[in-house]
**Q** 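If you scroll down you'll find the structure; I have some questions about it.
Note on naming: letters A, B, ... go to the chains in the order of the sequence lines (proteins, then strands), and numbering restarts at 1 for each one. None of these values were measured; they are calculated from a predicted model.
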Amino acid sequence: MSGYLKKKRLEEARQIFDRMPVRDAVSWNTMITCYAQNGRMEEARKLFEKSPIRDVFTWTAMVSGYIQNGQLHDARRIFDEMPEKNVISWNAMIAGYVQSKNMDLAGELFEAMPCRNASSWNTMITGYAQSGDIARARNLFVKMPHRDCISWAAIIAGYAQNGDSEEALQMFVEMKRDGERLNRSAFTCVLSTCADIAAFELGKQIHGRVVKAGYEFGCYVGNALLAMYCRCGSIDEAYNVFKRIEDKDVVSWNTIIIGYARHGFGEEALKHFESMKRARIQPDEVTMVGVLSACSHTGLVERGRYYFDSMSQDYGIVANSKHYTCMIDLLGRAGRLDDAQNLMRSMPFEPDAATWGALLGASRIHGNTSLGEKAAEMIFALEPWNSGMYVLLSNLYASSGRWVDVRKMRSKMRDTGVNKIPGYSWVEVQNSIHTFSVGDSNHAESDGIYAFLEELDLRMKRDGYVSATKLVLHDVEEEEKQHMLKCHSEKLAVAYGIMKIPSGRPVRVFKNLRVCEDCHTAIKHIAKIVGRLIILRDPNRFHHFKDGVCNCETIGDGNVCTIVIMNYFY
DNA sequence: ATAGGGTTAG
């Protein structure tokens with residue numbers, strides 16, 4: 001019977017069950033569980049009512065069956081009716097509340113249960129962490145009597161998912177120090193954290209441990225490794241990991257497709273999309289975001305259109321706002337602003353700020369100030385706190401010489417108190433991460449960095465570089481001038497990387513805001529002068545600078561503005 | 001035979 005159940009041949013299993021001369025508790029429970037876990041609660045219930053031997057296993061299987069099928073009320077009804085509960089029944093019910101994000105009821109049961117085991121605590125830790133209450137999660141983690149490797153994985157995941165990368169790494173270190181076995185989850189989370197903060201060297205070290213532990217080829221760990229290499233700027237190493245993952249799932253394919261897209265290798269991304277289909281992996285919404293953004297970053301308008309249409313036709317995927325945003329971005333970059341607007345009007349839901357942002361970006365590239373203003377207005381209405389949009393609109397005004405409006409934007413920002421996100425860039429050198437902000441002189445080797453930049457500046461000028469900042473200085477306020485004359489964070493990080501990273505190896509720099517146009521130009525010259533490959537990750541994509549060109553330019557991926565302004569943020 | 005942790009977009 002269980003052989004048939006493993007192959008999900010429920011009907012055949014049932015026939016055997018019905019023909020069994022003697023049925024014990026295990027046969028009844030097995031059959032009930034299988035109906036429950038395959039979403040057939042009606043049949044499970046009928047059998048449950050017929051069963052002559054209902055023990056705690058039977059009842060708990062029904063509870064968890066209802067939970068897995070989203071019938072929380074039925075689960076609770078059964079739970080309350082149970083003549084006898086064990087710790088597993090309680091845990092199942094608590095997990096049900098956690099999954100439906102009802103931490104109040106989960107907490108009530110957790111307090112009420114007569115005895116708890118590690119699973120009970122772990123479920124609550126995950127629940128609080130996923131609801132954003134990491135303090136409570138930590139509190140339970142510290143208080144629980146016997147932590148196991150799942151508890152550690154849960155708390156590391158909690159920090160990682162709540163954006164506290166440092167604490168996630170710290171807990172990983174402590175887990176090891178505590179003598180706990182590093183399990184797949186812990187590796188998965190910590191690799192994902194490395195990807196977030198672009199800790200490439202650390203990621204590679206953890207890769208080594210992953211290999212030792214024999215986790216390299218599994219899906220979760222393999223996918224996390226793959227994503228780590230993609231997001232740390234090494235698409236080649238990412239591909240090597242991808243090749244070796246056994247039984248690649250939809251996430252593996254999505255990650256490599258998105259990786260190629262974000263590195264500006266659109267054709268490669270689309271090639272993998274075709275391979276994915278040949279491997280009979282069903283694309284999902286995330287896949288299509290990757291595919292459409294690949295088309296967008298590569299300027300493939302017609303192919304983008306084709307894939308957009310095939311989404312619903314071939315895969316039954318309903319386009320969401322991200323898909324529309326990709327398409328509007330694609331059409332907009334190509335200068336087809338009317339098509340972009342028409343597509344926006346045809347959307348079955350209201351456009352969000354990101355979608356208007358795509359239209360605003362396109363307006364800037366093609367100098368359509370009135371459309372840009374309209375888009376910006378919508379964004380201000382939807383997200384008044386979105387400072388990035390003020391910058392974009394200012395740049396739009398600046399590029400059409402409307403300095404009065406630029407100043408108006410500045411005072412509007414001051415009046416509304418939009419918080420300015422400070423720009424910073426970082427580079428990893430010998431296992432530590434060096435962070436820079438505009439005009440930064442806090443670094444221990446600051447003098448050397450500036451001296452090196454001076455030298456580079458001379459050689460860049462000889463190479464034909466003209467500083468864009470000098471060109472606009474007469475049109476900006478004094479305060480802003482000061483910022484413009486200072487070195488932007490990306491330049492400082494690039495310079496430091498060149499100084500410290502052995503030649504022959506790429507210099508990888510990361511920035512929390514989009515790269516400044518002037519720096520983008522400068523870095524092209526720098527890459528040529530020093531003969532290095534410089535890879536720069538900004539929130540949007542990777543820029544590969546080599547021999548005086550960047551791979552984002554072939555299709556005018558429009559880094560930022562035509563004229564540098566509002567450098568306040570860099 | 002019943003319960004707990006993890007990866008991809010934005």
**Q** For A:K322 and B:dG10, give me the distance from atom NZ to atom C1', rounded to whole Å.
**A** 5 Å
**Q** Which one, B:dG6, B:dA9, B:dT2, comes nearest to the side chain of A:I258?
**A** B:dA9
**Q** Base, sugar-phosphate or nothing for A:T60? Non-hydrogen atoms, less than 4.0 Å.
**A**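 Result for A:T60 = base.
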**Q** What nucleotide among B:dG4, B:dT8, B:dG6 has an atom nearest to a side-chain atom of A:R231?
**A**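 So the side chain of A:R231 is nearest to B:dT8.
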**Q** If you count heavy atoms of other groups shown closer than 6.0 angstrom to CZ of A:R116, is the number above 12?
**A** yes
**Q** For B:dA3, does OP1 or OP2 lie under 4.0 Å from any side-chain N or O of A:Q68?
**A**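 The answer is yes; a side-chain N or O of A:Q68 sits under 4.0 Å from OP1 or OP2.
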**Q** Starting at atom CZ of A:R23, determine the distance to atom P of B:dA1, rounded to an integer number of angstrom.
**A**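 Taking CZ of A:R23 and P of B:dA1, I get 19 Å after rounding.
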**Q** Is it the case that B:dG4 (base atoms only) and A:S119 (side chain only) share a donor and an acceptor within less than 3.5 Å, ignoring hydrogens and angles?
**A**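 Donor-acceptor pair under 3.5 Å: yes.
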**Q** Which residues pass the side-chain contact (heavy atoms from CB on, under 4.5 Å) test with A:R231, sequence neighbours left out?
**A** A:A195, A:D196, A:R537
**Q** Would you tell me if any nitrogen or oxygen in the side chain of A:Q130 comes within less than 4.0 Å of OP1 or OP2 on B:dG4?
**A** no
**Q** Should A:Q161 be listed as having a side-chain N or O under 4.0 Å from OP1 or OP2 of B:dG6?
**A**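 For A:Q161, the contact criterion (side-chain N or O under 4.0 Å from OP1 or OP2 of B:dG6) is met.
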**Q** Cation-pi between A:R209 and A:F187: NZ/CZ under 6.0 Å from ring centre and within 45° of the ring axis?
**A** no
**Q** Centres of the A:F110 and A:W90 rings: under 6.0 Å?
**A**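 Not close enough - the centres of the two rings lie 6.0 Å or further apart.
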**Q** Which of residues 149-159 of chain A sit near DNA chain B, with a heavy atom under 4.0 Å from it?
**A** A:I150, A:A157
**Q** Can you tell me how far P of B:dA3 sits from NZ of A:K85, to the nearest Å?
**A** 17 Å
**Q** Ignoring hydrogens and geometry beyond distance, is the side chain of A:D148 in donor-acceptor contact with the base of B:dG4 at under 3.5 Å?
**A**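 Present.
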**Q** Quick check for you: among B:dT7, B:dA3, B:dA1, whose closest atom lies nearest to any side-chain atom of A:V26?
**A** B:dA1
**Q** Using salt bridge (charged side-chain N to carboxylate O under 4.0 Å, His left out) as the criterion, list what pairs up with A:D236, not counting sequence neighbours.
**A** none
**Q** So does A:R262 get a side-chain nitrogen or oxygen closer than 4.0 Å to the phosphate oxygens (OP1/OP2) of B:dG10?
**A**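 Answer is yes, contact under 4.0 Å.
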**Q** Would you indicate which nucleotide in B:dG6, B:dT8, B:dA3 comes nearest to any side-chain atom of A:N254?
**A** B:dT8
**Q** List the steps, then state whether ring pair (Phe, Tyr, Trp, His ring centres under 6.0 Å) holds for A:H323 with A:F308.
**A** CA-CA 8 Å; A:H323 302 119; A:F308 186 74; 7.5 Å; no
**Q** Taking only N and O in the side chain of A:S64, is any of them less than 4.0 Å away from OP1 or OP2 of B:dA3?
**A**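 Checking B:dA3 against A:S64, a side-chain N or O does come within under 4.0 Å of OP1 or OP2.
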**Q** Under 4.0 Å from OP1 or OP2 of B:dT8: is there any side-chain N or O of A:S192 that close?
**A**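 For B:dT8, OP1/OP2 do have a side-chain N/O of A:S192 under 4.0 Å.
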**Q** For A:I328 and B:dG10, give me the distance from atom CD1 to atom P, rounded to whole Å.
**A**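 Interatomic distance, CD1 of A:I328 to P of B:dG10: 16 Å.
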**Q** Answer whether the closest heavy-atom distance between the side chains of A:W253 and A:F273 falls below 4.5 Å.
**A**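 When only atoms from C-beta onward are counted, A:F273 and A:W253 do not touch, as no gap falls below 4.5 Å.
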**Q** With respect to the side chain of A:T33, which nucleotide from B:dA3, B:dT7, B:dT2 is positioned closest?
**A** B:dT2
**Q** So what does A:A160 hit on the nucleic acid, given a heavy-atom distance under 4.0 Å: a base, only sugar-phosphate, or nothing?
**A** nothing
**Q** What nucleotide among B:dA1, B:dA3, B:dT7 has an atom nearest to a side-chain atom of A:D55?
**A**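 Nearest to the side-chain atoms of A:D55, counting from C-beta on, is B:dA1.
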**Q** Using whole Å, what does the distance between atom C1' of nucleotide B:dG10 and atom CG of A:D329 come to?
**A**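 Between C1' of B:dG10 and CG of A:D329: 13 Å.
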**Q** Among B:dA3, B:dG6, B:dA9, which is the nearest nucleotide to the side chain of A:V289?
**A**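 For A:V289, the side-chain atoms sit closest to B:dA9.
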**Q** What is the distance from CD of A:E180 to C1' of B:dG4, rounded to the nearest Å?
**A**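 Rounded to whole Å, this separation is 14 Å.
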**Q** Is the centre of the A:H207 ring less than 6.0 Å from the centre of the A:Y229 ring?
**A** yes
**Q** Please determine, for the side chain of A:Y220, which listed nucleotide (B:dG4, B:dG6, B:dA1) has the closest atom?
**A**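 Of the candidates, B:dG6 comes closest.
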